[in-house]
Colleague: 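Could you have a look at this structure, given as structure tokens, before my questions?
Below, each value reflects all heavy atoms present in this structure, side chains not excepted, and no hydrogens, waters or symmetry copies. Residues take their numbers from the sequence shown, with the count starting at 1.
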Amino acid sequence: NNTEIVCIEIKTVKPNKGIFKVEKQKILEAKAALKIRYPQKEIKYFLAFPFDPLSETPCGYDKSGFMRHSVGFTKYFDEAEILLGAEFWDYLSGSEQTMEEILEIINTIATPNFSEELEFLTETQN
């Protein structure tokens, strides 16, 4: 937008060991290049993880626990640079409980008849 550039890189919830140093370098290089190109704008860059596999609830998350679970994560990243689970989906939508809404939609349409119903709906005569 007119005041900021937001970059979000979606990652697997089980990143490889040792990848965080490489990721941090890539992010810093991207932020520097964007700042040179757009000096008047604030540059934000996040790593995003679509859910917290350590959470006991589907939409819950514990950012510090998640970060401590991966080797070297806290050495290179601050919690403010991470979007995790529901926090990520809410950030994208700009409203709260987005992940809950997405899961509700998935659970509503994910039935044993889904493929047949989708095929029926995609036929032009229907």
Colleague: For the CG atom of Leu83 and the CG atom of Leu47, what is their distance to the nearest 0.5 Å?
Modeller: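 Rounded to the nearest 0.5 Å, the CG-CG separation comes out at 9.0 Å.
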Colleague: Just so I know, are the side chains of Phe66 and Ser55 near enough to count as touching, which here means a heavy-atom distance under 4.5 Å?
Modeller: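 Result no, sub-4.5 Å side-chain heavy-atom pair not found.
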Colleague: Cationic tip of Lys75 within the cone over Phe20's six-membered ring, i.e. under 6.0 Å and within 45° of the normal?
Modeller: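 Lys75 over Phe20 ring: no.
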Colleague: Is the Phe88-Phe46 ring centre distance short of 6.0 angstrom?
Modeller: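 No: the rings miss the under 6.0 Å criterion.
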Colleague: Scan the side chains in residues 114-122 for donor-acceptor partners under 3.5 Å anywhere in the protein, sequence neighbours excluded, and list what turns up.
Modeller:
from	atom 1	to	atom 2	distance (Å)
Thr122	OG1	Leu118	O	3.1
Thr122	OG1	Glu119	O	3.0

Colleague: Is there a donor-acceptor pair under 3.5 Å between the side chain of Ser70 and the backbone N or O of Phe73?
Modeller: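 No, because the side chain of Ser70 does not come within donor-acceptor range (under 3.5 Å) of the backbone of Phe73.
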Colleague: Is it true that Val22 and Tyr76 fall in one hydrophobic cluster, defined by side-chain heavy atoms closer than 4.5 Å?
Modeller: no
Colleague: Pair up each side-chain donor or acceptor in residues 33-43 with any protein partner under 3.5 Å, not counting sequence neighbours, and list the distances.
Modeller:
from	atom 1	to	atom 2	distance (Å)
Lys35	NZ	Pro39	O	3.1
Lys35	NZ	Lys41	O	2.7
Lys41	NZ	Asn1	O	2.7

Colleague: Other members of the hydrophobic cluster containing Leu28, with the 4.5 Å side-chain heavy-atom rule, please.
Modeller: none
Colleague: Side-chain heavy atoms under 4.5 angstrom apart, residues restricted to Ile, Leu, Val, Met, Phe, Trp, Tyr: same cluster for Leu54 and Val71?
Modeller: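 Shared cluster, no.
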Colleague: Please walk me through it: do Lys44 and Glu81 pass salt bridge (charged side-chain N to carboxylate O under 4.0 Å, His left out)?
Modeller: CA-CA 8 Å; Lys44 296 179 181 178; Glu81 298 173 291; over 6 Å; no
Colleague: Looking at Leu84, is its backbone amide N or carbonyl O close enough to the side chain of Glu87 to form a donor-acceptor pair, meaning the two atoms are under 3.5 Å apart?
Modeller: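 Answer holds: yes.
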Colleague: Does some side-chain heavy atom of Ile8 sit less than 4.5 Å from a side-chain heavy atom of Tyr91?
Modeller: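 The answer is yes, as the side chains (C-beta and beyond) meet within the 4.5 Å cut-off.
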Colleague: Hey, mind stepping through Ile27 and Phe77 against side-chain contact (heavy atoms from CB on, under 4.5 Å) and telling me if it holds?
Modeller: CA-CA 11 Å; Ile27 289 168; Phe77 288 92; 3.6 Å; yes
Colleague: Looking at residues at least two apart in the chain, or sitting in another chain, which of them share a salt bridge (charged side-chain N to carboxylate O under 4.0 Å, His left out) with Lys11?
Modeller: Glu9, Glu23
Colleague: For residues 99-110, tabulate all N or O donor-acceptor pairs below 3.5 Å that involve a side-chain atom, not counting sequence neighbours.
Modeller:
from	atom 1	to	atom 2	distance (Å)
Asn107	ND2	Leu103	O	3.1
Thr108	OG1	Glu104	O	2.7

Colleague: For the atom pair CG (Asp62) and CE (Met67), what is the distance rounded to the nearest 0.5 Å?
Modeller: 11.0 Å
Colleague: For the atom pair NZ (Lys24) and CD1 (Ile19), what is the distance rounded to the nearest 0.5 Å?
Modeller: 14.5 Å
Colleague: Counting only N and O atoms by type, is there a donor-acceptor contact under 3.5 Å from the side chain of Trp89 to the main-chain atoms of Pro50?
Modeller: yes
Colleague: Output yes when a side-chain donor or acceptor of Lys63 lies under 3.5 Å from a complementary backbone atom of Ile82, and no otherwise.
Modeller: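 Yes, Lys63 side chain to Ile82 backbone: donor-acceptor pair under 3.5 Å.
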Colleague: Got a sec, which residues hit salt bridge (charged side-chain N to carboxylate O under 4.0 Å, His left out) with Lys21, two or more places apart in sequence or on another chain?
Modeller: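 Per chain and number, Lys21 pairs via salt bridge (charged side-chain N to carboxylate O under 4.0 Å, His left out) with no residue.
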